[in-house]
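The structure appears right after this line, and notes come after that.
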Amino acid sequence: MYVYDEFDRAFLQERVVEFRDQVERRLAGELNEEEFKPLRLMNGVYLQLHAYMLRVCIPYGTLSARQLRALAAVARKYDRGYGHFTTRQNIQFNWIKLAELPDAMADLAEVVIHGIQTSGNCIRNTTTDPWAGAAADEVEDPRLYAEVIRQWSTLHPEFTYLPRKFKIAITAAKHDRAAIRVHDVGLRLHKRDGKTGFEVMVGGGLGRSPYIGKTIRDFLPEEDLLSYLEAILRTYNLGGRRDNIYKARIKIQVHEMGAEAFAQKVEAEWAEIRDGALKLDKAALDAIRDRFLNPALEDLEDAPASLATALADPDFARWHANSVAPHKAKGHAIVTLSLKPVGAPPGDATADQMDAIADLADAYAYGEIRVAHEQNLTLPYVRQKDLPALWAKLKAIGVATPNVGLISDIIACPGLDYCSLANARSIPVAQKLTERFADDARIADIGRLHLNISGCINACGHHHVGHIGILGVEKKDEEFFQITLGGKGNSKARIGELIGPAVSEGEVVDVVERLVETYLDLRTSPAETFIAAVQRLGTDPFKERAYAPR
Amino acid sequence: MTSPLQRKLKIAGPTVVTANRLADGAVVWLSPAGGWTDSIGAAAVGSTSEDVLRLLDIAHGDENTAVGAYPAPVRIGADGTPEPANLRERIRVSGPTVALPAGASAAA
Ligand code: HEM
Ligand code: SF4
C-alpha cells in the first residue's frame, strides 16, 4: 500500500469542503446547471438514467481492507447496498443523492479515496496490473511509476482542459493484464542492460473508432518518464482536435498524422524539456518507493502438505486450477475472487460482500485487495497453506465461482439498465449467458474465452477486444446485438471482426453457443484455445454456423 | 436566442417532457400545472411540436428543480393516462430490469 502524505490528505479534505460549498450553492440556485456540471464531473459525479452516479478512483487498483470497508459503508449508508467495479479498476455507486454526496465524499476522504480524475477531459487515474508486486512474471512493481504519474498528473495546470479524456495504463509483466494497448498511452516496463525503462505506446483506444496503440519508443529510461509523458501530452493538447468530440482523442491525432510523424513531434518537444525539472532522480523515486508499505512475506515453502491434501477434493482442485496464480514469493499465491456468479450482474459486489472480503484480506492476505480490469477482485498475497480455508470462506460469500478467464467471466458495462447513453441492455445478456454456461466442467472444457459486452459504441465493456464481443444497438426501438470475433486485449491486442448482421435479444445467447460449439468441433485438441482456433481458421466457419438456420 | 418560429421539433405522437430531479436525480415529468411529478401518469402530454416546445420552455426555465429536460414519446393507456412508449423510458419509469441485490431497494 502507498501511504499518502499530509499534502494529499489536506488536499482531499479541502476538496470535500469545496465540493460541499458547490453543492449547497447549486441546491440554493446560486450556481446554474451549466456552471455546476463541470464541477461535479471533476469529482466523479455523473447523472445516469435514474439517479446520480459516483465513480470512485482506486489508484492502480490497490485497496486496503480499511478502504474496502469504507466503500461498503458508503454503499450501505448513501446508496442501495452495492457497488459496481469497472474495467478501469474503479467502483461506481448508482444511487447517491446530490445532497448527500458531500457527506459520502467526506467519509471516503477519511481513508484517502475520492472521485478525482475519474471523469472529465483530464488525465484519468492510471491503471495497472492487479497482480503488481506479486506476479511471478513481473520485472518490477509498476505501481511505483503509477504513483509517480499520479503525483505529476493530479491538478496538472496545463492538462486540466485537454481536448478529451486521457487514459494511461502500465504493466511490468510479460503477460499484459492491464490492456495497455487500448489506452491513450500504454507503458510496458522492461529492463535493458540492467536499466529500467519503458516501451511507450500511444493512440490506443476503443469507442467509436477503435485503435491498437502504436509503439513510438522501445526504451525510455525511467528517469525520463515524466518529461516524455509531458511531451506527449503537449503534442496532444496543442494538436488534438477540439472541433468534434468523436475525433478529439489522441488516437485520432496519431492516426491522422501517422505514428512516425507524431513520434517526431514528441521527440522534438522532449528534447527541449528532458533535462529540466521533470527528470526523475533516484532520490525522488526512492522517496516514493519508501512510502509503499509492502507486506513482509513469511519465508515459506511451495506446495505445503495441507494444500496437497485439500487438492484431493475435486471442487477445491477446480477452483485452485482456475483462480489461483503463481506468486513471486515461495509458499504464496495470488487469488482471484470472481465477481461473476451465475445470473448476477458482472462486477457488482454488495456491501456485505465487501466487508467480508475486507475481513478475509485481513485474516489471510496482509490486508490488501486489488481490483482487476476484468471486474474481479484479487488478493495478491495469500499463503498457500491458507488456500483451503480461504476457499471455503470465499465460497460462502459467493465469490469463488471457478470461472476466471472463462466464458462466464464476462466483462459488461452497465448498459441501458443504468446508463443514459446506452442503446441496449448489457447486464441481462450477461446474465443469460452465465446461465447458459453455468456448468463448471463444461466451461473448463471450453477453456480460456473472453466475452465482453457493451451497451453502445462507447465500448466501456471492451467488446472490441473480446474473443467474442457483443455490442448493443437499437433498431426501431428494439434491442439488437452485433457480434465480433477474434478481438484480443493483451500484448498481442487486436480488434474483433464483425461477423454479420445484428441479432435480436432473443437470439444472442444461441448464436454465442453456436460459436462455441463450432470451436469445440473444429479445435485440433483441447490445448488449442478458442482464440487460437479463430486465428487459425479465420471467421468464416464460425459465421456460417452462427447464422445457420436451425 | 432562436426565434420560436425557427425552432423545429419533430413529434411522432403524444409526448411528455421528462428530466431528473436536481436534489436526488430521481426521474420526474412536467405536470400540466407546470410543476414536476414523479408519476408519468400525471405528466402533461403534448401532441404538436408547438405544445412540446412550450412544455420544454417551462422545464428549461426550472433547471433549479429538475435538470436535463427532454421530450419523451408516450402511449395513451386504456385509462387515458400516458405510459412510456420505448424501452429506455420504461426503464426510467420502472428502474433497472435486473434484480438488485437482496435488500437493495429498502435503502435510498
Ligand atoms: C454513466 C456511465 C458511463 C458513461 C456516461 C460513460 C461514457 C463513456 C464514453 C462517452 C466513452 C467513449 C469515449 C471516447 O471514445 O472518446 C467511454 C469509454 C470507456 N468507458 Fe465509459 N462510461 C460510463 C461507464 C463506464 C463503466 C461502468 C466503465 C467500466 C466498466 C467504463 C469504462 C470505459 C472504458 C474502458 C472506455 C473505453 C476506453 C476508451 O476510453 O477508449 N465506463 N465511456
Ligand atoms: S458502453 Fe455505452 S452503454 Fe455501456 S456504459 Fe459505456 S456509454 Fe453506457
Side-chain angles (χ1 to χ4, degrees), chain A residues 23 26-34 36-37 45-53 75-83 93-101 343-345 348-353 414-420 422-428 430-431 474 476-479 505, chain B residues 1 10 12-29 36 38-40 56-75 83-108:
Chain A
V23 169
R26 176 68 188 107
L27 290 171
E30 292 163 20
L31 287 176
N32 64 31
E33 188 61 14
E34 203 184 327
F36 179 68
K37 190 173 167 187
V45 179
Y46 287 75
L47 186 56
Q48 301 194 117
L49 286 183
H50 318 280
Y52 289 95
M53 178 269 274
R76 208 173 270 127
K77 189 164 169 195
Y78 306 102
D79 206 272
R80 297 194 179 180
Y82 67 102
F93 296 108
N94 292 304
W95 302 97
I96 303 198
K97 298 181 171 72
L98 183 61
E100 295 183 357
L101 267 158
D348 279 12
T350 65
D352 291 349
Q353 283 175 323
L416 190 56
D417 284 298
Y418 294 96
C419 175
S420 52
N423 287 324
R425 291 171 297 162
S426 321
I427 299 171
Q431 288 175 316
E474 190 216 293
K476 299 206 174 83
D477 195 33
E478 289 212 31
E479 296 168 290
E505 207 247 359
Chain B
M1 187 166 158
K10 257 178 82 186
T15 301
V16 296
V17 167
T18 179
N20 290 84
R21 193 156 56 206
L22 174 70
D24 60 2
V27 180
V28 289
W29 292 267
W36 297 93
D38 53 15
S39 156
I40 190 173
L56 276 172
D57 281 344
I58 298 172
H60 289 142
D62 193 20
E63 281 230 308
N64 287 339
T65 314
V67 296
Y70 65 90
V74 288
R75 254 192 294 275
E83 295 166 358
N86 64 30
L87 178 62
R88 177 189 158 96
E89 294 306 318
R90 278 198 295 282
I91 290 175
R92 287 179 80 247
V93 169
S94 314
T97 62
V98 297
L100 303 187
S105 50

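Just so it is clear: chains get the letters A, B, ... in the order the sequence lines come, proteins before strands, and each one is counted from 1. None of these values were measured; they are calculated from a predicted model.
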Considering all heavy atoms of both residues, which atom of [X] and which atom of [Y] are nearest to each other, and what is their separation?
X	Y	answer
B:V98	A:P428	CG1-CG, 3.8 Å
A:R425	B:I91	CD-CD1, 3.8 Å
A:H50	B:G95	CE1-CA, 3.5 Å

Taking A:N423, A:L49, A:V23 one by one, which has the highest count of heavy-atom pairs under 4.5 Å against chain B?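 Looking at each of A:N423, A:L49, A:V23 in turn, A:L49 comes out on top.
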
Highest number of heavy-atom pairs under 4.5 Å with chain B: which of A:A424, A:A51, A:G343?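 Highest number of heavy-atom pairs under 4.5 Å: A:A51.
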
Check for a donor-acceptor pair, side chain of B:R88 on one end and backbone N or O of A:S420 on the other, with a separation under 3.5 Å.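 Flag set: sc B:R88 to bb A:S420 pair under 3.5 Å.
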
Okay, side chain of A:Y52, backbone of B:L22: is any donor-acceptor separation there less than 3.5 Å?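 Yes, A:Y52 side chain to B:L22 backbone: donor-acceptor pair under 3.5 Å.
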
Where on [X] is there a heavy atom nearer than 4.5 Å to chain B: the side chain, the backbone, both, or neither?
X	value
A:L31	backbone
A:E479	side chain
A:Q431	side chain

Which atoms of B:N86 approach chain A - backbone, side chain, both or neither, heavy atom under 4.5 Å: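 Contact with chain A involves both backbone and side-chain atoms of B:N86.
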
Check the pair A:E33 / B:N64 against side-chain contact (heavy atoms from CB on, under 4.5 Å), numbers first and verdict last. CA-CA 8 Å; A:E33 188 61 14; B:N64 287 339; over 6 Å; no

How long is the straight-line distance from [atom2] of [Y] back to [atom1] of [X], given to the nearest 0.5 Å?
X	Y	atom1	atom2	result
A:L98	B:N20	CG	CG	11.5 Å
A:D477	B:E89	CG	CD	10.0 Å
A:L47	B:R21	CG	CZ	12.5 Å
A:L101	B:D24	CG	CG	11.0 Å

